[in-house]
Amino acid sequence: MGAEAEAESAAPLNDERRRRQPVEPRALTTASARAVEEEERLEREHFRRIINAFRYYGTSMHERVNRTERQFKSLPANQQSLLPQFLPHLDKIRKCIDHNQEILQTIVNDCVHMFEIRNMEKMDPFFRGSGKITPASTFDMDKLKSTLKQFVRDWSEEGKSERDSCYQPIISEIIKNFPKERWDFSKVNILVPGAGLGRLAWEIAMLGYACQGNEWSLFMLFSSNFVLNRCSQINSCKLYPWIHQFSNNRRSADQIRPIYFPDVDPHSLPPGSNFSMTAGDFQEIYSECSPLLYHFENLGNELSIELSYEDIKNVILQYGFHIEVEKESVLSTYTVNELSMMKYYYECVLFVQEEEFSQYNSFLYWRAPLPAIDLSDIQNLDEETPSGTKAAARTDTTEAEMET
């Protein structure tokens, strides 16, 4: 987590939260038809911008490494000779970058099929895998790097301690309020706002509850679609999420160490499970355990109002919620690098509110079986097979529903 970098370009950020509204079945006037056409254009452009960031990752990271190499070679030869392993280490980082880019390209290969955006492939060759890749903003690249670390938090063994501190208190409150002795879990509907890559929602569905994850970031939605619908073997995929961190490394090897995912089979949900992911803005809060970091705080062209927890609590009460549980100073981390010499720790607030109805935006519905992706050709740098790798024994897989 940490401080968010400011965007260096004037890329529109407000469209990050824009979702197409359903149009009532009536004859559209010329003005309304133009409005719909403009809305679709903006939606395609936003979709294109996020895909472009995924595709630009390798170029951006190689430029970063090349800059470090140029600076090192500007040193006198006698000083360079003191660090004979420095340049070989940069070459290892380059290989890690290439591997990450292959994973990211695999993720976006199917994303065009996720949502019903009219004439998406016909109107823009970019969505057919062609089209020029343009430089992405610093904001978008930081979001993409953060998404790579989200794989650690949600779907790796290394992220278990963080999940235990953040997710387990929420799961415990759900079980306490809806015990199996009194409730039919399949009749209890639970919404997880800001679901990220979907692990918390998946864990709740594993218990038997009807659960839906809600997320507005396409970075997260593309990646969660990949994990939930494409990964069926435990620890079969690999990423290098720490190569972007050039400071606070105790050892050079720490920077290029891999993480394996998923640490569980996402397709191992019980038969008849009710689990899905939606894209859109969540409007009413039910339960939360988090710090108060405002992602758009320092962006001049983005609406951001930073409230204290005291202010948020007062608003919650005015909306008729009753706070049943409130625990302050719940210590936690967010996508922490356990081997880093610098770590951020957050004192989160856990609160549970009683409210029977939560409203959120859910517009277009998508569910379609997509072809399996062969990951065998993706480069394995160390030729190792993680100890936890095993093939899923299931012959049938359940496609996680994706909505927007």
Side-chain angles (χ1 to χ4, degrees), residues 5 11 47-69 87-114 125-156 197 217-227 229-231 235-246 253-262 335 337 370-384 386:
F47 208 83
R48 183 188 189 282
R49 182 167 65 86
I50 305 306
I51 292 178
N52 179 76
F54 273 76
R55 296 175 65 189
Y56 184 69
Y57 167 85
T59 301
S60 174
M61 282 302 299
H62 279 301
E63 289 177 353
R64 171 67 177 87
V65 175
N66 292 341
R67 184 171 74 249
T68 299
E69 183 178 34
L87 292 179
H89 175 67
L90 293 184
D91 288 336
K92 292 178 181 178
I93 293 178
R94 290 187 175 99
K95 292 181 180 179
C96 295
I97 293 171
D98 292 340
H99 177 88
N100 284 356
Q101 182 62 77
E102 291 186 35
I103 292 289
L104 293 175
Q105 186 59 51
T106 303
I107 290 174
V108 300
N109 280 343
D110 285 325
C111 67
V112 69
H113 305 290
M114 288 175 59
F126 189 86
F127 298 105
R128 298 195 298 269
S130 58
K132 182 180 179 181
I133 301 175
T134 58
S137 68
T138 300
F139 179 87
D140 284 344
M141 295 313 300
D142 285 344
K143 284 294 184 183
L144 183 56
K145 294 172 188 176
S146 177
T147 302
L148 291 178
K149 292 189 290 186
Q150 196 76 21
F151 280 93
V152 184
R153 173 182 172 89
D154 267 15
W155 296 102
S156 78
L197 298 194
S217 169
L218 290 181
F219 290 101
M220 297 292 187
L221 288 166
F222 292 169
S223 301
S224 64
N225 174 64
F226 174 71
V227 175
N229 290 326
R230 293 292 167 267
C231 299
N235 290 335
S236 59
C237 299
K238 180 171 61 175
L239 279 172
Y240 298 90
W242 315 120
I243 58 174
H244 322 109
Q245 180 177 322
F246 286 83
D254 294 344
Q255 186 180 11
I256 58 174
R257 77 186 192 277
I259 65 101
Y260 297 92
F261 71 95
T335 62
N337 182 351
L370 299 178
I373 295 176
D374 184 6
L375 300 178
S376 60
D377 292 334
I378 294 181
Q379 183 180 14
N380 188 335
L381 295 182
D382 51 18
E383 300 298 332
E384 293 180 354

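Note: hydrogens, waters and symmetry copies are ignored here, and every other heavy atom, side chains too, is used. In this text, all values refer to a predicted model and were calculated from it rather than measured experimentally.
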Chemist: side-chain hydrogen bond (donor to acceptor under 3.5 Å, both in side chains) with R257: which residues, sequence neighbours excluded?
Modeler: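 E158, N337.
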
Chemist: Considering all heavy atoms of both residues, which atom of T134 and which atom of N52 are nearest to each other, and what is their separation?
Modeler: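 Taking every non-hydrogen atom into account, O-ND2, 2.7 Å.
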
Chemist: At their closest point, which heavy atom of M141 faces which heavy atom of A136, and how far apart are they?
Modeler: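 Answer, listing the atom of M141 first, then A136: SD-CB, 3.6 Å.
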
Chemist: Quick one: list whatever passes ring pair (Phe, Tyr, Trp, His ring centres under 6.0 Å) with Y57, sequence neighbours left out.
Modeler: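 Y57: ring pair (Phe, Tyr, Trp, His ring centres under 6.0 Å) contacts with H244.
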
Chemist: I need the W242 CH2 to D254 CG distance, nearest 0.5 Å.
Modeler: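 Reported value, rounded in 0.5 Å steps: 11.0 Å.
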
Chemist: Given side chains that start at C-beta, do those of F246 and I93 come closer than 4.5 Å, heavy atoms only?
Modeler: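 In short, these two side chains touch, coming nearer than 4.5 Å.
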
Chemist: Are any side-chain N or O atoms of Q255 and backbone N or O atoms of Q245, one a donor and one an acceptor, separated by less than 3.5 Å?
Modeler: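 Looks like yes, one N/O pair under 3.5 Å.
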
Chemist: Indicate whether the side chain of T68 and that of R64 have a donor and an acceptor atom separated by less than 3.5 Å.
Modeler: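 Yes.
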
Chemist: Atom OG1 of T106 and atom CD of E102: how far apart are they, to the nearest 0.5 Å?
Modeler: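 Nearest 0.5 Å value for the OG1-CD distance: 7.0 Å.
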
Chemist: Roughly how far, to the nearest 0.5 Å, is the OG atom of S217 from the NZ atom of K143?
Modeler: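 Between atom NZ of K143 and atom OG of S217 there are 6.5 Å.
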
Chemist: Over all heavy atoms of both residues, which pair between C96 and Y240 is shortest? Give the atoms and the distance, please.
Modeler: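 In this case the closest contact between C96 and Y240 is SG-CD2, 3.5 Å.
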
Chemist: To the nearest 0.5 Å, tell me how far F139 CZ sits from R49 CZ.
Modeler: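 Taking CZ in F139 and CZ in R49, the distance rounds to 7.5 Å.
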
Chemist: Hey, could you give me the NZ/CG distance between K95 and L90, rounded to the nearest 0.5 Å?
Modeler: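 So the NZ of K95 and the CG of L90 are separated by 13.0 Å.
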
Chemist: Under a 4.5 Å cut-off applied to non-hydrogen side-chain atoms, are S156 and Y260 in contact?
Modeler: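 The answer is no; the side chains never approach within 4.5 Å.
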
Chemist: Mind checking whether R94 and E69 have side chains closer than 4.5 Å, heavy atoms only?
Modeler: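 Touching, per the 4.5 Å side-chain cut-off.
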
Chemist: Would you confirm whether S224, through its side chain, and M220, through its main-chain N or O, come within 3.5 Å as a donor-acceptor pair?
Modeler: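 Looks like yes, one N/O pair under 3.5 Å.
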
Chemist: Quick one: are I256 and H89 in side-chain contact, heavy atoms under 4.5 Å?
Modeler: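 Sidechains of H89 and I256: in contact.
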
Chemist: Answer yes or no: is there a side-chain heavy-atom contact under 4.5 Å between I103 and L148?
Modeler: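 No; the side chains remain at least 4.5 Å from each other.
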
Chemist: Is there a donor-acceptor contact under 3.5 Å from the side chain of S146 to the main chain of D142?
Modeler: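 Side chain of S146 to backbone of D142, a donor-acceptor pair under 3.5 Å: no, none is there.
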
Chemist: What closest approach, in Å, do P241 and V152 show between heavy atoms, and which atom pair accounts for it?
Modeler: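 Shortest heavy-atom separation between P241 and V152 comes out as CG-CG2, 3.6 Å.
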
Chemist: How long is the span from the CG atom in L218 to the CG atom in N225, to the nearest 0.5 Å?
Modeler: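 Atom-to-atom, L218:CG and N225:CG are 11.5 Å apart.
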
Chemist: Are W155 and C237 side-chain neighbours, meaning at least one heavy-atom pair lies under 4.5 Å?
Modeler: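 The answer is no, as the side chains (C-beta and beyond) never meet within the 4.5 Å cut-off.
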
Chemist: Which residues satisfy the ring pair (Phe, Tyr, Trp, His ring centres under 6.0 Å) test with F54, sequence neighbours excluded?
Modeler: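 Only F219, F222 meet the ring pair (Phe, Tyr, Trp, His ring centres under 6.0 Å) criterion with F54.
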
Chemist: Do you know the tightest heavy-atom contact between L197 and D154?
Modeler: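 It is N-OD2, 3.3 Å.
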
Chemist: Could you tell me if the side chain of R230 sits less than 4.5 Å from the side chain of I107, heavy atoms only?
Modeler: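 When only atoms from C-beta onward are counted, R230 and I107 do not touch, as no gap falls below 4.5 Å.
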
Chemist: So does K238 get a backbone contact from the side chain of H99, meaning a donor-acceptor N/O pair under 3.5 Å?
Modeler: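 Flag set: sc H99 to bb K238 pair under 3.5 Å.
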
Chemist: Side-chain contact, heavy-atom cut-off 4.5 Å: T59 with I133?
Modeler: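 No, side chains not in contact.
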
